[in-house]
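Only one structure is covered here, and it is reproduced in the block below.
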2 protein chains.
Amino acid sequence: MQIGELARTTSTKVETIRFYEKIGLLPEPGRTAGNYRDYGAAHLARLSFIRRARDLGFTLDQVRELLALSDDRSRSCTAVDSVARAHLAQIDQKIADLRALRRELDELIGQCSQGAISDCRIIEALGPPSNARH
Amino acid sequence: MQIGELARTTSTKVETIRFYEKIGLLPEPGRTAGNYRDYGAAHLARLSFIRRARDLGFTLDQVRELLALSDDRSRSCTAVDSVARAHLAQIDQKIADLRALRRELDELIGQCSQGAISDCRIIEALGPPSNARH
DNA sequence: CTTGACCCTATAGTTGCTACAGGCTGCATA
DNA sequence: TATGCAGCCTGTAGCAACTATAGGGTCAAG
Ligand SMILES: [Zn+2]
Ligand SMILES: [Zn+2]
Ligand SMILES: [Zn+2]
Ligand SMILES: [Zn+2]
């Protein structure tokens with residue numbers, strides 16, 4: 001299997017696959033006589049793993065960790081669980097942050113009366129803290 | 001006012017201020033005899049604006065746009081409003097994406113039985129799509 | 001024998017900073 | 001006066017996680 005087919009199969013760009021190889025996430029495949037990369041089932045499985053984990057928002061470092069753990073079939077999976085839970089906590093934090101931001105912004109937009117810039121509450125609120133906001 | 005004081009006043013790192021100057025977001029200030037940057041009230045106001053907009057999650061391009069608009073005091077602020085509303089829509093999209101992700105991940109974690117890696121549902125779910133998920 | 005799709009390497013760009021390295025300036029203290 | 005040290009200067013490289021060129025080589029079909 002050459003890189004283009006692997007790319008199509010995993011919905012990954014060719015450049016991304018080469019990038020994963022360069023950073024040591026995907027093992028180097030063999031080469032054909034014409035120096036083309038030649039992938040097998042193991043590569044497909046590993047890249048699928050990476051893509052799924054990335055889709056779930058794990059960082060490349062977390063993916064690396066999960067891959068290392070998954071290679072150690074006999075160990076307990078508490079470590080896997082804790083990586084996943086840590087990631088969940090990060091997501092919760094991000095959601096909370098975005099919600100707070102959304103509230104702020106929504107409030108600001110609600111005050112804009114669509115008049116002149118000089119009267120715009122949005123612009124005013126962004127300016128220096130001369131008068132208190134909220 | 002020299003750069004360190006401006007940095008402290010606006011809770012911005014010195015390097016960030018120089019960075020904003022380099023990308024043309026903050027106008028170049030005058031210099032002292034010793035070649036130190038010398039800021040005034042206008043710079044403070046502009047940097048405050050930038051910081052607030054950034055805190056609200058606007059990109060630097062959006063900030064640039066808002067700054068340009070805010071300089072044109074007589075115009076209608078519908079353009080400002082539309083920048084802000086576009087940003088709000090982006091935030092809503094991000095929140096929705098994160099929530100979907102969170103649901104997926106939570107479901108996955110709930111299935112982990114804390115046994116051996118080889119039985120771990122998290123690892124399994126990350127693997128190639130041999131059997132359907134969901 | 002040429003076209004065109006595919007592959008190769010290497011390097012630079014993206015966003016929004018942050019962190020050096022190596023060198024001035026300016027003020028207080030011994 | 002010397003010297004120390006905080007603060008400033010420029011310029012460049014690094015972070016995540018790719019993406020996009022440039023400038024070539026390979027391979028099968030027509
Ligand atoms: Zn508010
Ligand atoms: Zn307005
Ligand atoms: Zn699910
Ligand atoms: Zn498990």
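Throughout, a chain's letter reflects where its sequence line sits, starting with A, and its residues are numbered from 1.
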Query raised in the report: Can you list, by residue number, the residues of residues 1-14 of chain A that have a non-hydrogen atom closer than 4.0 angstrom to DNA chain D?
Result: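 Residues of residues 1-14 of chain A that come under 4.0 Å of DNA chain D are, in numerical order, A:Lys13.
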Query raised in the report: Looking at residues 18-38 of chain B, who's got a heavy atom less than 4.0 Å off DNA chain D?
Result: B:Arg18, B:Lys22, B:Arg31, B:Asn35, B:Tyr36, B:Arg37
Treating [X] as the side-chain partner and [Y] as the backbone partner, does any N or O pair qualify as donor plus acceptor under 3.5 Å?
X: B:His87; Y: B:Leu56; answer: yes
X: A:Glu107; Y: A:Glu104; answer: no
X: A:Gln62; Y: A:Thr59; answer: yes

Query raised in the report: Within a strict 4.5 Å, meaning less than it, do heavy atoms of the B:Arg54 and B:Leu60 side chains meet?
Result: yes
Query raised in the report: Of all residues at least two apart in sequence or in a different chain, which pass the salt bridge (charged side-chain N to carboxylate O under 4.0 Å, His left out) check with A:Asp97?
Result: none
Query - Partner set under salt bridge (charged side-chain N to carboxylate O under 4.0 Å, His left out) for B:Arg37, not counting sequence neighbours - result: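 B:Arg37 satisfies salt bridge (charged side-chain N to carboxylate O under 4.0 Å, His left out) with B:Glu21 once adjacent residues are dropped.
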Report task. Could you tell me whether A:Arg51 atom CZ has more than 12 heavy atoms of other residues or ligands within 6.0 Å of it? Result ->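 Correct, the count exceeds 12.
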Report task. Take the protein atom CG of B:Leu56 and the nucleotide atom P of C:dG16, then report the distance between them rounded to whole Å. Result -> 15 Å
Query raised in the report: With nearest nucleotides of DNA chain C determined for B:Glu15 and B:Asp61 from heavy-atom distances, which residue corresponds to the more 5′ nucleotide?
Result: B:Asp61
Report task. Apply salt bridge (charged side-chain N to carboxylate O under 4.0 Å, His left out) to the pair A:Asp106 and A:Arg103, showing each step before the final yes or no. Result -> CA-CA 5 Å; A:Asp106 194 47; A:Arg103 213 175 326 114; over 6 Å; no
Query raised in the report: First contact, last contact: which nucleotides of DNA chain D are these for chain B, 5' to 3', heavy-atom distance under 4.0 Å?
Result: D:dG7 to D:dT12
Query raised in the report: Do B:Leu25 and A:Ile123 belong together in a cluster built from hydrophobic side chains that touch within less than 4.5 Å?
Result: yes
Query raised in the report: If you look only at pairs with a residue in residues 23-32 of chain A, which of them pass as a salt bridge (charged side-chain N to carboxylate O under 4.0 Å, His left out), with sequence neighbours excluded?
Result: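 Not a single pair qualifies under salt bridge (charged side-chain N to carboxylate O under 4.0 Å, His left out).
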